[in-house]
Amino acid sequence: MHDLYCDRIDTPKGVFLILFHSEGISRIYFPGQDPECSCPEGKLPWNNLAEDLNRYLSGEAVDWSRYPLDTSCYRPFTKALLEEVRQIPFGRVCTYREAAERAGSPRACRAAGQALKANRHPVLVPCHRVVASGGKLGGFSGPPGWKQMLLEIEAGGSRREI
DNA sequence: ATTAATAGCGGCA
DNA sequence: TGCCGCTATTAAT
């Protein structure tokens, strides 16, 4: 298959680890999740990704659609749902039910949770924009606190306080 | 191959 | 408030 490489992106929030090959991004790890991977290091062929990630973390709206993702590992429903989640605009959220609805299974809100758990492309596939109804935050597969932090970043836009 | 468990939600009592 | 069913997927049996 395609040879897998890894690269790191330094941000004020920590170091993100990106696994990728020539066809697209295979996986993204939050800071602190470094999996001790044994794949060779390489340079990301998408030059602006690091810059975009830093802009995003500082509150700017970033369009991730130009970065190709390797979604071959996902099951059909998971793939469909993540595709929809990817199109939730910056700063907006939807519920598990709405996400499942858009993926073609209106009653699969529980399965939606399973699908989001399987997301290997956090931030680029904004799983943090799917929240539980009733004002609850819902779960998150990443490090504790990251979901809330990402939502706050998007809500604040350019921050007004220090 | 079958069962249990999971980022949940909505209906109903 | 609490119980039930529903959906896709995975892990365990």
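Order of the sequence lines fixes the chain letters, A, B, ..., with proteins taken first and strands second; residue numbering starts at 1 for each chain.
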Rounded to whole Å, the CZ-C1' distance (A/R75 to C/dT7) equals 15 Å

Per-nt protein contacts along nucleotides 8-13 of chain B (heavy atom under 4.0 Å; B base, S backbone sugar-phosphate only, - none) come out as BSS---

For the residue pair A/Y74 and A/H121, confirm or rule out a side-chain donor-acceptor distance under 3.5 Å.
yes

- Task: For the pair A/K79 (side chain) and A/S72 (backbone), establish whether a donor and an acceptor sit closer than 3.5 Å, ignoring hydrogens and angles.
- Result: no

Does A/H128 reach the main-chain N or O of A/V123 with its side chain, forming a donor-acceptor pair under 3.5 Å? no

The side-chain contact (heavy atoms from CB on, under 4.5 Å) partners of A/C39 (sequence neighbours excluded) come to A/C6, A/L19, A/C37

Quick check against the 3.5 Å criterion: does A/D7 have a side-chain atom that pairs as donor or acceptor with the backbone of A/F20? no

Q) Angle class for the A/W146/A/F30 ring planes (parallel below 30°, perpendicular above 60°, tilted otherwise)? A) tilted

Intra- and inter-strand pairing of DNA chain B, written as dot-bracket with Watson-Crick and G-U pairs under 3.5 Å and | for the latter, reads ||||||.||||||

Tell me whether A/N119 contacts the main-chain N or O of A/A115 through its side chain, where contact means a donor paired with an acceptor under 3.5 Å.
no

Atom CZ of A/R120 and atom P of C/dT10 are separated, to the nearest Å, by 9 Å

From CZ of A/F77 across to C1' of C/dC6 the rounded distance in Å is 12 Å

Which value, in whole Å, describes the distance between the C1' atoms of nucleotides B/dA7 and C/dT1? 24 Å

Atom CG of A/L82 and atom P of C/dT9 are separated, to the nearest Å, by 11 Å

Taking the side chain from A/T11 and the backbone from A/K13, do they hold a donor-acceptor pair closer than 3.5 Å? yes

Report which part of the nucleic acid A/F140 touches: base, sugar-phosphate, or nothing (heavy-atom distance under 4.0 Å, all strands).
base

N/O donor-acceptor pair under 3.5 Å between A/E154 side chain and A/L151 backbone
no

Rounded to whole Å, the CD-P distance (A/E84 to B/dA7) equals 23 Å

Inset, instruction - Ignoring hydrogens and angles, answer whether the base of C/dT10 and the side-chain atoms of A/Q114 contain a donor-acceptor pair closer than 3.5 Å. - result: no

Separation of B/dA7 atom C1' from A/E98 atom CD, nearest Å, is 16 Å

